[in-house]
Peer 1: 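The structure follows.
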Amino acid sequence: MYAQLRPAPADFQVFDTTLRDGSQQEGLNLSVADKLAITALLDELGVGFIEGGWPGANPGDTAYFAAMAEGAVRLTNAQLVAFGFTRRVGMRAADDPLTAALRDSGAPVVCLVAKSHDRHVQHALRTTLEENLAMVHDTVSHLRAGGQRVFVDCEHFFDGYRENRAYALQVVRTAAEAGAEAVILCDTNGGMLPPWVGEIVADTVRETADLGIRIGIHAHNDTGCAVANTLAAVDAGATHVQGTVNGYGERTGNAELVSVVANLELKYGWSLLPPGALREATRLAHAIAEVTNVPSSGRQPYVGLSSFAHKAGLHASAIKVDPNLYQHIDPAVVGNDMRMLVSDMAGRANIQIKGSELGFDLSDRDLAARITDQVKGREAAGYTYESADASFELLLRRELDQLPEYFDVASWRIFTQGFPGGVHPAGELDSDTECTVKLTAKGVTQLVVGEGNGPVNAFDQALRNALTPAYPVVEEFELTDYRVRILDQGHGTDATVRVLIQTSDGRRLWTTVGVGQNVVEASWEALSEAYLYGLLHADHGVTPDARARGLADADLERFTSAASATEHAGQA
Ligand SMILES: CC(=O)SCCNC(=O)CCNC(=O)[C@H](O)C(C)(C)COP(=O)(O)OP(=O)(O)OC[C@H]1O[C@@H](n2cnc3c(N)ncnc32)[C@H](O)[C@@H]1OP(=O)(O)O
Ligand SMILES: CC(=O)C(=O)O
């Protein structure tokens, strides 16, 4: 445990806006069902408030609040929050249909966005500073009169404070006097740095100390400082933090809420989530990414797939003695796991730890050194074991003489026929490919043909046809991804290529690698390794690697995609 800066303020608030600001991220679109699913996951995470969206702004959000009011998700930890703006210029809050939508949303809490930057009032709202204050006062008091709790997000507060401090503070005061219980200072454009946030929040807390409200922080990540700015605000007296899981949000996103909370819980020693909830953070963050269909970064602090992945030999050699030597926390406290990567940067220790994850005893130094040399040599030739765990296991087993001979390929031949004039007998294709494989499986030698729309597809068909009689389980194997990358650019069509193939049997995913100057040869190598690995583990529910890491298939899939993200997608 690290030094506790000061005790947790009583009743500290953790406010999630994944469903509102998070869904303002480019490419993130949530259906009502998605929102309900995420609501349940956020409640499980244990946040205090879930901002569900803006009722009245679009039919989806209106339907979401109606569904919540009907009990679609029963919240055990969180309170539901409806978001919306202050009443329109020149209207009464009681007459504004969007204020009515907030009032009638069924949410016990409303979070209003209000202008607090004088220039925005004059240029964007096109009204007077006085009218903006009246809009804040009228809307807050109208909703309070209806019995709802009201929070106020002061948009552009920090920029506004710098240009007209008195006015920005006056907006906070007005909201408080009308009955708001929390006023959240927003770095809407995300341009702030931690010392500036600290100074402005401290001054605001001081200036509003007589009002009995809490001050909150809502930080965008445009300077890469959203989490740091949030912590700076907390240090300066903010007792309410807003953020989004996986840092989703407008432009560069919001403060990543799991990072904020994990920092406060693990570094400051504060208890903010229900007991045990932080241990679920990795699973829940990944489950939310599954629903949004926007993968979180592998390098995301605490919950990323690479957050506790170790590649360098020096790190691994120390970790073998004590994992804490190269980790800032025990990954288990956030539900994550340490992973050892095998690559040309590996030393014996990486190989030994990875081997033991896979169930092999590599404590013999000479054996580990031999495997390390093999990995380095093959990586120099273009193989990558970091992305292709399955090929690493096959390499290991070959070295240990523990790889059963499921099949033996005597030869293969591939033939592609083009129909540039579009006169293919099937009518649609402009080429087809035929692959002939001669192999022996369970003592029976066969010469088998497979047809496909490209070489990899034809290989796949041929291998499948040849192996099915001996191993019916291969029917379940499915090639789910194929990536090819040129390794020595500048050699044009002579270049060496690396092929990564991802295969699934419906329960697990595994990745294999092939390298060659001929893309077809490289593909063959990766594909036959994929079949070999699949047969090796045909009776197991999950890959040993996944089992060791305790990750679900979805996580595994994301890992392999993330690891291969820099590979150029290619079509066989
Ligand atoms: C900083 C933030 O991220 S806040 C969250 C922003 N989220 C969203 O905007 C998503 C949902 N928004 C919407 O669906 C629409 O913008 C709506 C339904 C809210 C409004 O739509 P429209 O009525 O078509 O207005 P439009 O979006 O073009 O402009 C917003 C209007 O609200 C006014 N407005 C802006 N902020 C506020 C405020 N805090 N209080 C009152 N009015 C405001 C603008 O001046 C503008 O007024 P105008 O119509 O007189 O020009
Ligand atoms: C309210 C809000 O999302 C912002 O000011 O950034």
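Below, each value reflects all heavy atoms present in this structure, side chains not excepted, and no hydrogens, waters or symmetry copies. In listed order, ligands and their atoms are each counted from 1.
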Peer 1: Is H120 near ligand 1, meaning one of its heavy atoms is under 4.0 Å from it?
Peer 2: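 False for this residue.
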Peer 1: Indicate, as side chain, backbone, both or neither, the part of C186 found under 4.0 angstrom from ligand 1 when only non-hydrogen atoms are considered.
Peer 2: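 The answer is neither.
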Peer 1: For atom 42 (N) of ligand 1, state which one of V121, L125, T17 supplies the nearest heavy atom.
Peer 2: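 Going through V121, L125, T17 one by one, L125 has the nearest heavy atom to atom 42 (N) of ligand 1.
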Peer 1: What are the atoms of ligand 1, with element, lying closer than 4.0 Å to any heavy atom of T188?
Peer 2: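 Result: 1 (C).
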Peer 1: Give the residue, atom name and distance (to 0.1 Å) of the protein heavy atom nearest atom 2 (C) of ligand 2.
Peer 2: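 Sorting protein heavy atoms by distance from atom 2 (C) of ligand 2 puts H218 NE2, 3.4 Å first.
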Peer 1: Under 4.0 angstrom from ligand 1, any heavy atom of N58?
Peer 2: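 N58: no contact with ligand 1 (<4.0 Å).
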Peer 1: Quick test: of every protein heavy atom, which one is nearest to atom 13 (C) of ligand 1, and how far off is it to 0.1 Å?
Peer 2: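 Result for atom 13 (C) of ligand 1: A57 CB, 4.2 Å.
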Peer 1: Quick one: nearest non-hydrogen protein atom to atom 37 (C) of ligand 1, plus distance?
Peer 2: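 Scanning the protein heavy atoms, the shortest distance from atom 37 (C) of ligand 1 goes to F85 CD2, 3.5 Å.
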Peer 1: Numbering the atoms of ligand 2 from 1, which are under 4.0 Å from a heavy atom of H220?
Peer 2: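 Counting atoms of ligand 2 from 1, those under 4.0 Å from H220 are 6 (O).
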Peer 1: Look at the rings of H328 and Y302 and say which category their plane angle falls in: under 30° parallel, 30 to 60° tilted, over 60° perpendicular.
Peer 2: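 Plane angle between 30° and 60°, so tilted.
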Peer 1: Going by the order shown, which atoms of ligand 1 are within less than 4.0 Å of some heavy atom of V113?
Peer 2: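 Contacts of ligand 1 toward V113, numbered from 1: 39 (N).
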Peer 1: Within ligand 1, which atoms have a heavy atom of K115 less than 4.0 Å away?
Peer 2: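 In order of numbering, the contacting atoms are 35 (C), 36 (N).
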Peer 1: For atom 8 (C) of ligand 1, what is the nearest protein heavy atom, given as residue, atom name and distance?
Peer 2: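 Going by distance alone, atom 8 (C) of ligand 1 is nearest to W54 CZ3, 3.8 Å.
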Peer 1: Centre-to-centre under 6.0 Å for F12 and W270, is that the case here?
Peer 2: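 Between F12 and W270, the centre distance is under 6.0 Å.
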Peer 1: Atom 2 (C) of ligand 1: which of H220, R251, R20 has the nearest heavy atom?
Peer 2: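 Shortest heavy-atom distance from atom 2 (C) of ligand 1: R20.
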Peer 1: For atom 5 (O) of ligand 2, what is the closest protein heavy atom, and at what distance to 0.1 Å?
Peer 2: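 Going by distance alone, atom 5 (O) of ligand 2 is nearest to T188 OG1, 2.6 Å.
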Peer 1: Would a search of protein heavy atoms around atom 39 (N) of ligand 1 find one under 4.0 Å away?
Peer 2: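 Under the 4.0 Å cut-off, atom 39 (N) of ligand 1 does have protein heavy-atom neighbours.
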Peer 1: For ligand 1, is there an atom lying under 4.0 Å from some heavy atom of R88?
Peer 2: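 For ligand 1, residue contact (heavy atoms, under 4.0 Å) with R88 is present.
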Peer 1: Does any N or O atom in D153 lie less than 3.5 angstrom from one in ligand 2, N or O only?
Peer 2: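 D153 vs ligand 2: no N/O contact under 3.5 Å.
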Peer 1: What atoms of ligand 1 come within less than 4.0 Å of a heavy atom belonging to R87?
Peer 2: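 Near R87, the atoms of ligand 1 are 41 (C).
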Peer 1: If we only count N/O pairs under 3.5 Å, is T86 in contact with ligand 1?
Peer 2: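 Between T86 and ligand 1 (N or O atoms, distance only) the closest approach is under 3.5 Å.
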Peer 1: With a 4.0 Å cut-off, strictly under, does atom 45 (O) of ligand 1 pick up any protein heavy atom?
Peer 2: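 Yes, there is a protein heavy atom closer to it than 4.0 Å.
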Peer 1: Return yes if a side-chain donor-acceptor contact under 3.5 Å exists between Q242 and N254, otherwise no.
Peer 2: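 Side-chain D/A pair, Q242 to N254: absent.
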Peer 1: Between the side chains of S343 and E386, is a donor N or O closer than 3.5 angstrom to an acceptor N or O?
Peer 2: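 No pair is found: no donor N or O on one side chain lies under 3.5 Å from an acceptor on the other.
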Peer 1: Does some non-hydrogen atom of the protein lie less than 4.0 angstrom from atom 26 (P) of ligand 1?
Peer 2: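 Neighbour list for atom 26 (P) of ligand 1 is empty of protein heavy atoms (cut-off 4.0 Å).
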Peer 1: Check ligand 2 against R20 and write out every atom of the ligand that is under 4.0 Å from a heavy-atom position of the residue.
Peer 2: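 Atoms satisfying the 4.0 Å criterion: 1 (C), 2 (C), 3 (O).
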Peer 1: Hey, which of W54, F151, Y64 is the one that makes ring-ring contact (aromatic ring centres under 6.0 Å, His included) with F83?
Peer 2: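 The single option meeting the ring-ring contact (aromatic ring centres under 6.0 Å, His included) with F83 is W54.
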Peer 1: What class does the angle between the rings of H315 and Y326 fall in, given that below 30° is parallel, 30 to 60° is tilted and above 60° is perpendicular?
Peer 2: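 H315 vs Y326 ring planes: parallel.
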Peer 1: For ligand 1 and Q24, I'd like to know whether there is a polar contact (N/O to N/O, distance under 3.5 Å).
Peer 2: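 Yes, Q24 has an N/O under 3.5 Å of an N/O on ligand 1.
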Peer 1: Determine if the distance from atom 11 (C) of ligand 1 to the closest protein heavy atom is below 4.0 Å.
Peer 2: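 Yes, there is a protein heavy atom closer to it than 4.0 Å.
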Peer 1: For atom 15 (C) of ligand 1, is some protein heavy-atom partner under 4.0 Å away?
Peer 2: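 Looking at atom 15 (C) of ligand 1, one finds that no protein heavy atom lies closer than 4.0 Å.
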Peer 1: Give the residue, atom name and distance (to 0.1 Å) of the protein heavy atom nearest atom 50 (O) of ligand 1.
Peer 2: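 Here the nearest protein heavy atom works out to R126 NH2, 3.6 Å.
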Peer 1: Which ligand 1 atoms, with their elements, are less than 4.0 angstrom from a heavy-atom of F83?
Peer 2: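 Reading through ligand 1 atom by atom, the close ones are 4 (S), 5 (C).
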Peer 1: Which of the atoms in ligand 1, numbered in the order shown and given with their element, are less than 4.0 Å from a heavy-atom of M135?
Peer 2: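 In order of number, 40 (N), 41 (C).
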